[in-house]
Amino acid sequence: MTAELEQFDYDVLIVGAGGAGLRAAIAAREAGLRTAIICKSLFGKAHTVMAEGGIAASMGNVNSKDSWQVHFRDTMRGGKFLNSWRMAELHAKEAPERVWELETYGALFDRTPDGRISQRNFGGHEYPRLAHVGDRTGLELIRTMQQKIVSLQQDDERESGDPESRLKVFAEVTITDLLQDPSGAVAGAFGYWRESGRFVRFDAPAVVLATGGIGKSFKVTSNSWEYTGDGHALALRAGSNLVNMEFVQFHPTGMVWPPSVKGILVTESVRGDGGVLKNSEGKRFMFDYVPDVFRGQYAQTEEEGDRWYTDPDTNKRPPELLPRDEVARAINSEVKAGRGSPHGGVFLDIASRRAPEEILKKLPSMHHQFKELADVDITKEPMEVGPTCHYVMGGVEVDPDTAAAARVPGLFAAGEVSGGMHGSNRLGGNSLSDLLVFGARAGTGAAAYVQGLGGRRPQVDQAVIDAAAAAALAPFEEEGGENPYTLHQEMQQTMNDLVGIIRTAEEIERALERLEDLKARAEHLTVEGHRQFNPGWHLALDLRNMLAVSECVARAALLRQESRGGHTRDDFPAMDPRWRGRNLICSADGDGIAVREQPMPAMREDLLALFETDELAKYLTPEELAAVPTAATHTDGSGS
Amino acid sequence: MSYDARFRVWRGDADGGELVDYTVEVNDGEVVLDIIHRLQATQSGDLAVRWNCKAGKCGSCSAEINGMPRLLCMTRMSTFTEAETITVTPLRAFPVIRDLVTDVSFNYAKARQIPAFAPPDLAPGEYRMQQVDVERSQEFRKCIECFLCQDTCHVVRDHEDNKEAFAGPRFLIRAAELDMHPLDARDDRADFAREEQGIGMCNITKCCTEVCPEHIKITDNAIIPMKERVAGRRYDPLVWLGTKIGLRRG
Ligand SMILES: Cc1cc2nc3c(=O)[nH]c(=O)nc-3n(C[C@H](O)[C@H](O)[C@H](O)COP(=O)(O)OP(=O)(O)OC[C@H]3O[C@@H](n4cnc5c(N)ncnc54)[C@H](O)[C@@H]3O)c2cc1C
Ligand code: SF4
Ligand code: SF4
Ligand code: FES
């Protein structure tokens with residue numbers, strides 16, 4: 001076994017080549033450190049490539065009233081005040097710089113008439129804020145950073161003769177375990193080449209997790225096979241914490257037909273650019289679903305909503321652009337009430353509202369997607385859409401400024417795998433900006449940590465390596481065990497049905513029982529064939545991660561007895577201010593997961609001052625509200 | 001509505017392989033990738049295939065279906081008759097790793113040879129470009145790197161020795177993209193395409209344009225204009241003089 005173990009030494013390992021991983025790699029390499037990027041897919045194919053709508057950054061190119069304060073406020077509202085306010089602050093402040101920086105790498109965003117980066121409207125954002133390239137913004141982001149990395153490699157080649165001397169991409173490698181020294185400090189990572197099945201060991205004092213999300217635990221999802229919660233599970237097993245795992249975002253508009261594409265995303269830009277939701281009676285039902293906390297911020301009539309697209313200063317936005325959790329629940333209710341479309345969704349109509357040329361210009365890949373996959377021409381007919389599991393707000397608990405993971409020295413996390421930034425619900429466009437802001441911070445944070453070690457390198461014991469290899473090979477040893485595909489399907493069905501968009505204690509408890517059963521059965525999986533590019537084996541290894549993460553979601557969901565953002569409890573339908581100041585923290589506990597409450601730090605006064613007292617009253621308890629210095633709050637709502 | 005389809009899938013590795021016959025269920029609205037996944041889940045758990053987005057956005061699932069370079073996830077089963085046998089084979093221009101998975105590292109090597117975007121002397125945030133001007137390059141930036149064009153191009157596909165000297169259509173559009181970028185500070189993109197990328201080997205058969213799932217007009221909008229620029233620059237002494245003394249930007 002040892003004979004075939006390849007070994008590499010680096011200063012910083014980045015696990016993940018999506019937006020967060022690539023930005024972290026650029027930062028670590030620019031800090032002068034030898035950096036490796038590891039990813040499960042080919043370079044340039046990470047999930048980020050699928051992002052459509054745009055990157056949120058308050059550049060104010062389309063409406064100069066925008067500022068970081070307004071972006072901060074929108075983000076906190078979207079997350080129902082459960083966000084790490086420090087992360088939301090850093091994010092709002094730094095997003096514009098991070099976007100402009102992409103232009104210096106060669107990105108070509110769509111432009112305003114005066115030649116700046118154009119910005120589009122999106123749910124929950126007060127002003128047009130999303131930098132975009134048609135509806136393929138994620139592709140632009142990935143390709144731009146991929147090309148920046150190539151450019152850094154070209155610099156290194158000029159300097160040292162070897163393009164990979166300081167920055168190397170290990171594509172199609174899956175990390176299965178983090179390596180730690182006896183004190184728990186990070187010493188590297190262990191994994192296998194997907195192509196050959198051979199093991200590989202990376203020694204490095206710092207690891208940045210940038211592995212993305214967990215959607216593959218659910219049956220209907222917009223996420224790809226990569227989203228098996230690996231980074232979440234690696235962090236848990238290494239002894240770190242996950243926060244906010246009960247909050248899973250169901251995007252309101254996924255395709256519902258044909259069955260094979262069920263869940264694939266229909267971008268929110270369709271609504272941002274004028275598309276409206278209708279039920280089987282032809283009614284724009286969203287007007288009936290504006291919750292109290294948002295009343296006053298959204299149009300009450302169709303006429304006003306329609307005027308807003310051309311005159312946003314004197315009109316309010318249509319309720320189709322409420323935060324995603326609200327829209328997803330509304331669609332769910334309409335379908336349950338029997339007013340759904342033929343295939344169990346509702347109608348999303350842009351055909352009757354915009355000229356075909358405009359639709360083709362602004363939403364080319366949506367047009368292509370529906371034409372090719374569903375035989376629907378969106379310039380002529382409405383689309384059928386319904387909620388799909390899209391994003392996990394929960395993730396590794398990190399220090400906002402450095403992205404250092406809780407409790408494990410040398411471990412960092414950024415992007416969807418990290419938690420806190422989005423609170424209970426993420427606004428559209430706030431992920432891509434999150435990747436850039438905290439990707440850069442994680443790269444810098446990891447570099448600073450390594451430099452602070454002064455040459456000291458935590459060392460892993462050989463026994464740890466042997467155990468990692470043995471665990472990975474276990475599915476080949478077992479005979480007559482279960483098929484990993486079958487187990488995976490059962491798990492997805494369980495999560496979808498029992499811990500999905502609407503939850504109750506009784507159903508979550510049933511889910512936990514089934515997960516226990518699945519966990520036991522997952523100990524005895526059998527895979528056929530050999531180690532070379534074997535998807536059955538890969539799935540068998542991913543399953544333990546998905547099961548751990550699913551358990552976190554279910555346990556946290558059971559504990560939180562209220563409804564907020566991406567967590568809706570039918571048995572506790574209201575948002576409860578007493579739950580606002582509390583995070584739920586998951587950690588590994590033997591073979592299972594322990595969950596506990598953790599109070600959140602109080603928001604800084606100058607940030608509180610960005611909100612009107614009336615609005616704070618919707619979220620804070622009377623005691624918290626009384627503690628807010630009155631001088632801090634003011635009424636013009638524009639912030640400082 | 002479902003029926004049993006006949007599939008022939010190439011199974012094997014670098015040492016060789018063969019077409020294996022399968023009979024497999026097909027349901028309404030499915031694409032070829034769904035069928036490959038059903039084979040994995042029910043008949044051969046170790047069938048190797050690449051995919052990610054299942055929506056034509058990532059360019060991972062490239063293969064040849066009945067000999068045509070295609071994305072597996074964007075090829076609907078309804079384009080075949082129920083009686084047809086569907087043959088799925090790996091991309092022919094690249095070495096096989098296993099089953100439908102090929103070694104596409106050639107493309108990453110070519111990507112690294114192209115000089116990167118050269119930023120202008122402007123502070124971040126100060127870039128100004130008109131939409132009409134960025135659109136030309138944006139067309140090429142739609143590329144999802146599926147490498148279907150590379151696979152179909154006879155220069156790459158039929159002559160292993162050409163691979164050294166010829167970058168292939170994917171990277172000729174990259175050169176064109178940088179050449180047409182309103183703010184790229186280099187002016188030798190066309191020269192590079194001639195001297196280093198072998199643009200002269202392309203004889204404009206347009207096969208690449210035909211297979212591109214993003215409908216990028218590779219030949220008409222990138223290769224032909226670049227070839228003309230190469231010719232123009234090489235033979236027009238005034239243009240040549242202009243570039244040397246900086247009268248005109250790339
Ligand atoms: C269809 C769709 C559209 C979206 N549109 C938008 C949008 O318009 N705006 C927005 O802000 N957000 C959008 N999002 C969300 C956003 O795209 C994601 O949250 C974001 O891209 C996640 O980026 P990341 O860098 O965290 O991870 P990813 O881009 O997913 O990258 C994860 C990386 O980790 C690697 N990896 C995972 N596990 C391992 C392992 N065990 N070993 C080695 N490598 C591993 C993967 O191979 C991959 O390279 C969208 C999401 C989807 C699905
Ligand atoms: S047009 Fe040129 S690049 Fe395209 S396939 Fe033909 S020879 Fe190859
Ligand atoms: S140009 Fe078209 S065919 Fe070629 S790699 Fe890009 S998307 Fe694929
Ligand atoms: S799976 Fe992404 S293009 Fe087919």
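This is a predicted model, so every value here is computed, not measured.
Close placement of the B:Phe117 and B:His181 rings is indicated, their centers lying within 6.0 Å of each other. A:His538 has its ring centre less than 6.0 Å from the ring centre of A:Tyr192.
The residue among A:Glu97, A:Glu101, A:Gln146 with the most heavy atom pairs within less than 4.5 Å of chain B is A:Gln146. Interface summary for chain B: among A:Val169, A:Val527, A:Leu139, A:Val133, the most heavy-atom pairs under 4.5 angstrom belong to A:Leu139. Ranked by heavy-atom pairs shorter than 4.5 Å toward chain A, the options B:Pro119, B:Cys143, B:Pro213 are led by B:Cys143. Among A:Lys45, A:Gln153, A:His47, A:Lys40, the residue with the largest count of heavy-atom pairs under 4.5 Å with chain B is A:Lys45. When each of B:Asp99, B:Leu122, B:Val104, B:Asn52 is checked for heavy-atom pairs under 4.5 Å with chain A, B:Asn52 comes out on top. For chain B, the option among A:Trp225, A:Trp100, A:Phe533 with the highest count of heavy-atom pairs below 4.5 Å is A:Trp225. Put simply, of A:Pro364, A:Pro163, A:Ser222, the one with the most heavy-atom pairs under 4.5 Å next to chain B is A:Pro163. Counting heavy-atom pairs closer than 4.5 Å to chain A, the top residue among B:Pro115, B:Cys73, B:Ser105, B:Gly56 is B:Pro115. Between chain B and the options A:Arg143, A:Gln369, A:Arg116, heavy-atom pairs under 4.5 Å are most frequent for A:Arg143. The choice from B:Pro124, B:Ala118, B:Ala55 that makes the most heavy-atom pairs within less than 4.5 Å of chain A is B:Pro124.
Within residues 36-47 of chain B, the residues having any heavy atom closer than 4.5 Å to a heavy atom of chain A are B:Gln40, B:Ala41, B:Gln43, B:Ser44, B:Gly45, B:Asp46, B:Leu47, listed by residue number. Listed by sequence position, B:Arg170, B:Arg174 are the residues of residues 166-174 of chain B in contact with chain A, using a 4.5 angstrom heavy-atom cutoff.
The part of A:Ser41 that comes within reach of chain B is its side chain, from C-beta onward, which places non-hydrogen atoms under 4.5 angstrom from that chain. Both the backbone and the side chain of A:Glu372 have a heavy atom closer than 4.5 Å to some heavy atom of chain B. Heavy atoms closer than 4.5 Å to chain A are found in the side chain of B:Arg76, but not in its backbone. Proximity to chain B is limited to the backbone of A:Ala374, based on heavy atoms less than 4.5 angstrom apart. For chain A, no part of B:Asp103 is nearby; none of its heavy atoms comes within less than 4.5 Å. Contact of A:Glu226 with chain B is made through the side chain alone, with heavy-atom distances under 4.5 Å. Heavy atoms closer than 4.5 Å to chain B are found in both the backbone and the side chain of A:Leu373. Residue A:Thr144 touches chain B through both its backbone and its side chain, counting heavy-atom pairs closer than 4.5 Å. For A:Asn483, the part sitting under 4.5 Å from any heavy atom of chain B is the side chain, from C-beta outward, and nothing else. Proximity to chain A involves both the backbone and the side chain of B:Ile144, based on heavy atoms less than 4.5 angstrom apart. Looking at A:Tyr227, neither its backbone nor its side chain comes within 4.5 Å of chain B, counting heavy atoms on both sides. Within the 4.5 angstrom heavy-atom criterion, only side-chain atoms of A:Trp257, from C-beta onward, approach chain B. With a 4.5 angstrom heavy-atom cutoff, B:Pro120 does not touch chain A via any of its atoms. Heavy atoms of B:Arg98 lying under 4.5 Å from chain A belong exclusively to its side chain. Heavy-atom distances place no part of B:Glu214 under 4.5 Å from chain A, backbone and side chain included.
Defined by atom type and a distance below 3.5 Å, a donor-acceptor pair is missing between the side-chain atoms of B:Gln138 and A:Arg136. Between the side chains of A:Asp135 and A:Ser365, a donor-acceptor pair is found at a separation under 3.5 Å.
Between B:Leu72 and the options B:Val31, B:Asp34, B:Val49, a side-chain contact (heavy atoms from CB on, under 4.5 Å) holds for only B:Val49.
By the 4.5 Å heavy-atom criterion applied to side chains, B:Gln130 and A:Asp114 are not counted as neighbours. B:Arg8 is not listed as a side-chain neighbour of B:Ile86, based on a closest heavy-atom distance of 4.5 Å or more. Residues A:Ile37 and A:Phe170 are not in side-chain contact: their nearest non-hydrogen atoms beyond the backbone lie 4.5 Å or more apart. Taking the side chain as every heavy atom from C-beta outward, B:Arg70 and B:Glu64 never approach each other to under 4.5 Å.
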What do the steps show when you test A:Arg194 against A:Val173 for side-chain contact (heavy atoms from CB on, under 4.5 Å), and what is the final call? CA-CA 6 Å; A:Arg194 297 171 59 78; A:Val173 170; over 6 Å; no
For side-chain contact (heavy atoms from CB on, under 4.5 Å), just list the numbers for A:Met50 and A:Leu265, CA-CA rounded to whole Å, side-chain angles, deciding distance to a tenth of an Å, and then say yes or no. CA-CA 9 Å; A:Met50 295 163 69; A:Leu265 193 74; over 6 Å; no
Could you please spell out the steps behind the side chain to side chain donor-acceptor pair (under 3.5 Å) verdict for B:Gln197 and B:Gln113? CA-CA 9 Å; B:Gln197 295 187 288; B:Gln113 288 163 7; over 6 Å; no
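Note on B:Glu18 versus B:Arg11: no salt bridge recorded, every NZ/NE/NH1/NH2 to OD/OE distance being 4.0 Å or above. Ionic pairing of B:Glu139 and B:Lys217 is not present here: no N-O contact between side-chain nitrogen and carboxylate oxygen is shorter than 4.0 angstrom. Salt bridge absent: A:Glu195 and A:Arg531 never bring a charged side-chain N and a carboxylate O closer than 4.0 Å. Here A:Glu164 pairs with B:Arg112 in a salt bridge; the nearest charged N to carboxylate O distance falls below 4.0 Å. The residues B:Arg186 and B:Asp184 are annotated as not salt-bridged, no charged nitrogen and carboxylate oxygen being separated by less than 4.0 angstrom. With respect to B:Lys57 and A:Glu52, a salt bridge is recorded, a charged nitrogen being found less than 4.0 Å from a carboxylate O. Under 4.0 Å is where a charged nitrogen must lie from a carboxylate oxygen, and between A:Arg111 and A:Glu103 at least one such pair does. Of the charged side-chain nitrogens involved, none lies within less than 4.0 Å of a carboxylate oxygen, so that A:Asp542 and A:Lys216 do not count as a salt-bridged pair.
The structure places CZ of A:Arg166 at 4.5 Å from CG of A:Asp156, a figure rounded to the nearest 0.5 Å.
Taking the six-membered ring where the residue is Trp, B:Tyr108 and B:Phe147 present perpendicular rings, their angle passing 60° and hence far from 30°.
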